[in-house]
Amino acid sequence: MSPQHCTLLSKVLSHYPLPQGIDDYIVLKDGHINDTYRVLASDSSGDREDLVVQRINRYVFKDPAKVMHNIREVTDHVRGKGDTGDCSIVSFLDNVQGDNYTVVDGEYWRVCRFIPNSIAHNTVEDLQVLRSAGYAFGRFQAVLSDLPMDRLHVTIPDFHNTKKRLDDFFQSVAGDAAGRVNDVRREISFFEEHRNLASRLTEMQEAGTIPLRVVHNDTKYNNILMDRDSGEPLCVIDLDTVMPGLPAHDFGDAIRFAGNTAAEDEPDLDKVSLDLDHYRAFAGGYLGVCRDILTETELDSMALGAVTITIEQAARFLADYLNGDVYYKIHRHGQNLDRARCQIALAKDMLHHYDTMRRIVDQSAGGEAL
């Protein structure tokens, strides 16, 4: 154990009514944003706690207090309904001042208890696990359907404003900061062709055709803790991006992540396609629990959400490539270009299967066996 880390973690725990002696810790490396530690703590009376201690990334989240305010509102709302159910949401402990975060040396920290026998899957082939992930995110949507949105801060403006994301992309094309535009003319033409389609959800929301709701905004299945033995969902985690948004974006981002038959940066595009079995499993779990709180127009927008988010992410990857790889971490030259091409290939396959995707949503929303 690093003495420096032990001292820092003890300093954080000193703000909580918890054991503060660090017996052991490990760094949890699954997340790419925050610094996360699993800490075994004890005191002289023999009390022991298995904790997760996390430092919030202030580069990504400019105002961590607002992030934690949103998380407080969400968790208090669920508790107030007396709805613990069969899949909870992560709850951070209050410090001695009654806050759900602590500032130590200018950095924002938070603490929660480790959930025993839990696992977060980074790759999944088991359709029941995907169904469980869909159920967990759908239940999250349903339980928060009556939370007034004016109680939440918009912590990342225009987070899924695809219309603006594409405007930003074409500004990157015009600027050509890294001199790479001539190498990606074919990819640029894809966004020119599908710009109107990808902007449709944003325009529908702006016109009031579909409502804003409280959504998770980061619905990768590794943000669900599952029971290690049964595969049942235990807890929805990573609530940093919870704010007003569209359920179609949550559904779509989950499909972008869970439905791709290849890795996000796969250079062999022949390996990239939409796995309809994965799509069907997630859709069945998600819509099976939240279909009653969604409008018909929202339900009809789910398949479009998957296409939209995939195009949006492709544009973000390619814009970063054109800007000189300044936002997303890369581990090899051309990785952002491979990421963009992979997402474009996935979006194309989604469009090829678009009618089937819509039919599966209709079946899931209608409670049909899939």
Side-chain angles (χ1 to χ4, degrees), residues 1-57 61 64 67-68 71-72 74-76 78-79 83-105 107-124 129 132-133 136-137 139-140 216 218 220-240 242:
M1 294 192 298
S2 162
Q4 183 179 6
H5 278 153
C6 286
T7 299
L8 180 58
L9 292 169
S10 292
K11 195 172 183 179
V12 172
L13 293 182
S14 70
H15 293 262
Y16 292 83
L18 293 166
Q20 293 157 32
I22 308 299
D23 294 337
D24 197 8
Y25 75 87
I26 58 173
V27 180
L28 301 179
K29 298 181 179 180
D30 288 342
H32 300 299
I33 302 298
N34 302 309
D35 297 323
T36 308
Y37 306 84
R38 182 179 174 185
V39 178
L40 298 176
S42 65
D43 60 21
S44 57
S45 65
D47 290 337
R48 294 174 61 86
E49 291 277 7
D50 193 350
L51 304 166
V52 175
V53 181
Q54 189 172 67
R55 175 166 44 196
I56 302 174
N57 186 325
F61 300 104
V67 171
M68 296 308 296
I71 293 174
R72 167 80 79 186
V74 166
T75 52
D76 285 354
V78 174
R79 286 191 190 126
D83 189 348
T84 53
D86 51 0
C87 181
S88 64
I89 60 175
V90 65
S91 180
F92 293 102
L93 303 176
D94 286 347
N95 63 18
V96 293
Q97 286 80 36
D99 298 319
N100 65 343
Y101 65 92
T102 293
V103 181
V104 174
D105 299 334
E107 297 289 344
Y108 286 71
W109 294 80
R110 58 199 180 188
V111 179
C112 66
R113 289 188 170 89
F114 182 81
I115 298 177
N117 206 44
S118 63
I119 185 171
H121 294 281
N122 288 312
T123 59
V124 173
V129 171
S132 293
F137 282 125
R139 185 179 179 280
F140 179 90
H216 187 280
D218 191 10
K220 298 187 292 291
Y221 52 68
N222 57 9
N223 280 332
I224 305 291
L225 295 182
M226 306 282 187
D227 185 277
R228 189 179 293 273
D229 299 321
S230 70
E232 294 299 310
L234 298 174
C235 185
V236 178
I237 62 173
D238 201 354
L239 306 183
D240 292 340
V242 170

Run the numbers on Tyr37 and Ile22 for side chain to side chain contact (heavy atoms under 4.5 Å, CB included), then give the verdict.
-> CA-CA 12 Å; Tyr37 306 84; Ile22 308 299; over 6 Å; no

Smallest separation among heavy atoms of Phe137 and Val236, with atom names | CE2-CG1, 4.0 Å

Starting at CD1 of Ile56, measure out to OH of Tyr101 and round the result to the nearest 0.5 Å.
-> 9.0 Å

Does any donor atom in the side chain of Asn57 or Asp240 lie under 3.5 Å from an acceptor atom in the other side chain?
-> no

Taking side-chain hydrogen bond (donor to acceptor under 3.5 Å, both in side chains) as the test, write out the residues that go with Tyr108, two or more places apart.
-> none

Check Ser91 against Thr75 and note the closest heavy-atom contact, atom names and distance.
-> CA-CG2, 4.4 Å

Gap separating the SG atom of Cys112 from the CG atom of Asn100, nearest 0.5 angstrom = 11.5 Å

CG of Asp99 to NE2 of His15: how many Å apart, nearest 0.5 Å?
-> 11.0 Å

In a check of side chain to side chain contact (heavy atoms under 4.5 Å, CB included) between Arg110 and each of Val12, Val52, Ile71, which one passes?
-> Ile71

Does Ser10 use its side chain to pair, donor to acceptor, with the backbone of Gln20 at less than 3.5 Å?
-> yes

Chi angles and distances behind the side chain to side chain contact (heavy atoms under 4.5 Å, CB included) call for Leu234, Arg228 = CA-CA 10 Å; Leu234 298 174; Arg228 189 179 293 273; over 6 Å; no

Do Leu239 and Phe140 pass the side chain to side chain contact (heavy atoms under 4.5 Å, CB included) test, and can you show the C-alpha distance, the side-chain angles, and the key distance before you say yes or no?
-> CA-CA 11 Å; Leu239 306 183; Phe140 179 90; 3.9 Å; yes

So, are Lys220 and Asp238 salt-bridged, with charged N and O less than 4.0 Å apart?
-> no

So how far is it from Ile89 CD1 to Ile237 CD1, rounded to the nearest 0.5 Å?
-> 12.5 Å

Heavy atoms only: give me the nearest Glu49-Pro19 pair and the separation to one decimal.
-> CG-CD, 3.5 Å

So do Asp50 and Arg38 actually touch side chain to side chain, heavy atoms under 4.5 Å?
-> yes

OG1 of Thr102 to CG of Asn95, rounded to nearest 0.5 Å, is 3.5 Å

Heavy-atom distance under 4.5 Å between the side chains of Leu8 and Trp109, does that happen here?
-> yes

Is a side-chain donor-acceptor pair under 3.5 Å present for Gln54 with Thr36?
-> yes

Closest non-hydrogen atom pair, Ser230 against Asp227 | N-OD1, 2.8 Å

Atom pair CD1 (Ile224) and CD1 (Ile119), whose distance is rounded to the nearest 0.5 Å = 14.0 Å

Check against side chain to side chain contact (heavy atoms under 4.5 Å, CB included), Arg113 and Leu18 = CA-CA 11 Å; Arg113 289 188 170 89; Leu18 293 166; 4.0 Å; yes

